[in-house]
Amino acid sequence: MLTKGYLHTRNEVSYYPKKYDIIVVGAGHAGCEAALAAARMGCSVLIMTIDLDGIAKMPCSPSIGGVAKGQLVKEIDALGGEMAKITDKTAIQYRTLNTKKGPAVQSSRTQNDKIRYHIAMKEALEKEPNVDIKQAMVERLVGENNHVVGIEDQTGFGYQAEALILATGTFLSGLMHIGFTSIMAGRAGEFASYALPENLKKWGFNLGRMKTGTPARLKKSTIDFTRFDRQEGDENPRPFSLFTKEISATQVPCYIGHTNKKSHQIVRENLGRSALYGGKITGVPARYCPSIEDKIVRFSDRDKHQIILEPEGIDTQEIYASGLGNSLPMDVQIPFVRSVDGLEEAEIMRPAYAIEYDYVDPMQLLPTLETKLIKGLYMAGQINGTSGYEEAAAQGIWAGINAASKIQGRPPFLLDRSEAYMAVMVDDLVTRGTEEPYRMFTSRAEYRLLLREDNAGRRLMEKGNELGLIDDETVRQMKERQKEVSAEVHRIKNTVITPSNRVNEYLVKAGSRPLKNAATLDQILKRPELGYRHIATLHGQHEKIDEGTAHQVEIEIKYEGYIERQLRDVEKFKNQERIKIPPGFDYTKVHGLSNELRGKLSSTRPISLGQASRIPGMTPAAISIIMIYLKKHESGQGP
């Protein structure tokens, strides 16, 4: 039962006359995707933000994508999300990462004009007929009978809805640090939310504390770029979104440099004045995105660390100094920045800072991202302990789809770890939790060869169509492309090349060995040094195959054995996922389980035997015991 005083009931609050299906609190990357997905599924949505000028802001790196993150963006796009489309409208550099490695770890990354990104996403929200946008700070949740029914803002005014999605980013009890100066803020120059996290604690949620940060922004005209290595984007960039026909934005370079011994000495001499090392920060930092203080302390044998100067947009002088993030006072930041070759005269336009914020333990969530404590309440993004725009956006569309599905009486939207990177992330969070800012990596996905960027549409587009987020014609075109891939793979496997002077001269010129006996084209294509373009030259190609189709054909043939092996592994994995555990299953009555495992199972409440197997500390013996009791439960003999 909800207690009066901190959980107001409906009749204690003055309400806006319009009642919504869903309220989304926060308009960052998670909130925007959640609102758009739910609205496009037919729900009336109110998205609330502390600042309308902060919608889809890029407060850290002005970039989208990266290793594993690019896969998330492609998956959002394939389901009908917005991030990839906005990326293509505002990208000022495209790069494909890990091109010398296998397709499982190749990812797209863009530099983006951050102001244009914000404007384009705000426009998308404003044009969506089922979305209302309001500027207000949400302070309390309103509930009845363990179900959320609305919110109350800082003025005491309320808004009603059947479901609520919290996508609050770094704003819960946000505290910025520049040296020993601490500022109550969600981001630089923006208010933090202190009443809402206290309200969540009263609901019974366990909150933790995390830390992230951002480097200084430097004035472009004060940098000597001749002292840096110029880094161009891809010569023939491919759009991020499946729906983008051409790239029109101006493309610009980035610049790579390094810190030096003098830079490191300045930091070492002032570690005691750093918020991080001076004891001001209690939140857990991101291990995979360390501050310069962390780098110098943890990697003391290195005399330099990489810096990338990234433009924040076409019409601004601001340069994002990636690699120089810190929590040092300004009188140290200035000489530190200017110790770098090429930055001797650099002017700091915005200082580097660290920020602490509250997050909710994600193990308090169901796989739909609805909370276990309160029905109708969903959470997405950094409130769940994650880090990154892409991770947030993926959770946003997941939560938005599930909130809309529940309201509309649809089945829950649940993907498994063999279907999408976003499913890997959600499963990791709700099953294992996180004690540091969670970041997506290709190594987290067991079936990453099946979860490539190039096949995101094939994996997820039909699911987006079933939800009403992808139109029928787009799905038809995707299926036609897949038919082309299958037809070309079949042709290549059944086309024989015989040795000849022309063939062998070409193979030797391409760095490959000559043919001694007749061979099928797929046998030739499986040679590591050869690609689709080589066999197309040798024997031509079937009709007109575009670059994307050719890329998929090459992957399917070159990695055929590995793909087949992963598909066999997936079938074994799905066998456990198919064994569902009833919501009310009583683990205290399962004999043979340790008290520790009983506690973890009762807390996590796994929905399948597969999810149970991934709980930390779970053993094969315990899984066998649970399986036996599940069979008894089905027959009416068990708990």
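Predicted model, so just to flag it, every value in this text is computed and none were measured.
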Legend entry - Gap separating the NZ atom of Lys114 from the CD1 atom of Ile64, nearest 0.5 angstrom: 11.5 Å
Inset, instruction - Using distance alone, with no hydrogens and no angle criterion, decide if Thr520 and Gln523 have a side-chain donor and acceptor under 3.5 Å apart. - result: yes
Inset, instruction - Please confirm whether Arg302 makes a cation-pi placement over Phe299, using NZ or CZ under 6.0 Å from the six-membered ring centre and within 45° of the ring normal. - result: yes
Legend entry - Residues that His534 engages under side-chain contact (heavy atoms from CB on, under 4.5 Å), provided they are two or more places apart: Tyr506, Ala510, Leu530
Legend entry - Closest approach of Pro514 to Arg527 (non-hydrogen atoms, all atoms of both residues): O-NH2, 4.3 Å
Legend entry - SB check Arg95 Glu232 (cutoff 4.0 Å): no
Inset, instruction - Flag the pair Tyr94 / Phe240 as yes when their ring centroid distance falls below 6.0 Å, and as no otherwise. - result: no
Inset, instruction - Would you kindly check if the NZ (Lys) or CZ (Arg) of Lys85 is within the cone defined by 45 degrees around the ring axis of Phe243 and under 6.0 Å from the six-membered ring centre? - result: yes
Legend entry - Stacked cation flag Arg565 on Tyr559, 6.0 angstrom / 45 deg: no
Legend entry - Under 3.5 Å side-chain donor-acceptor pair for Thr386 and Arg439: no
Legend entry - 4.5 Å side-chain heavy-atom contact, Arg614 and Asp427: yes
Inset, instruction - For the pair Phe413 and Trp398, name the ring-plane relationship: parallel under 30°, tilted 30 to 60°, perpendicular over 60°. - result: perpendicular
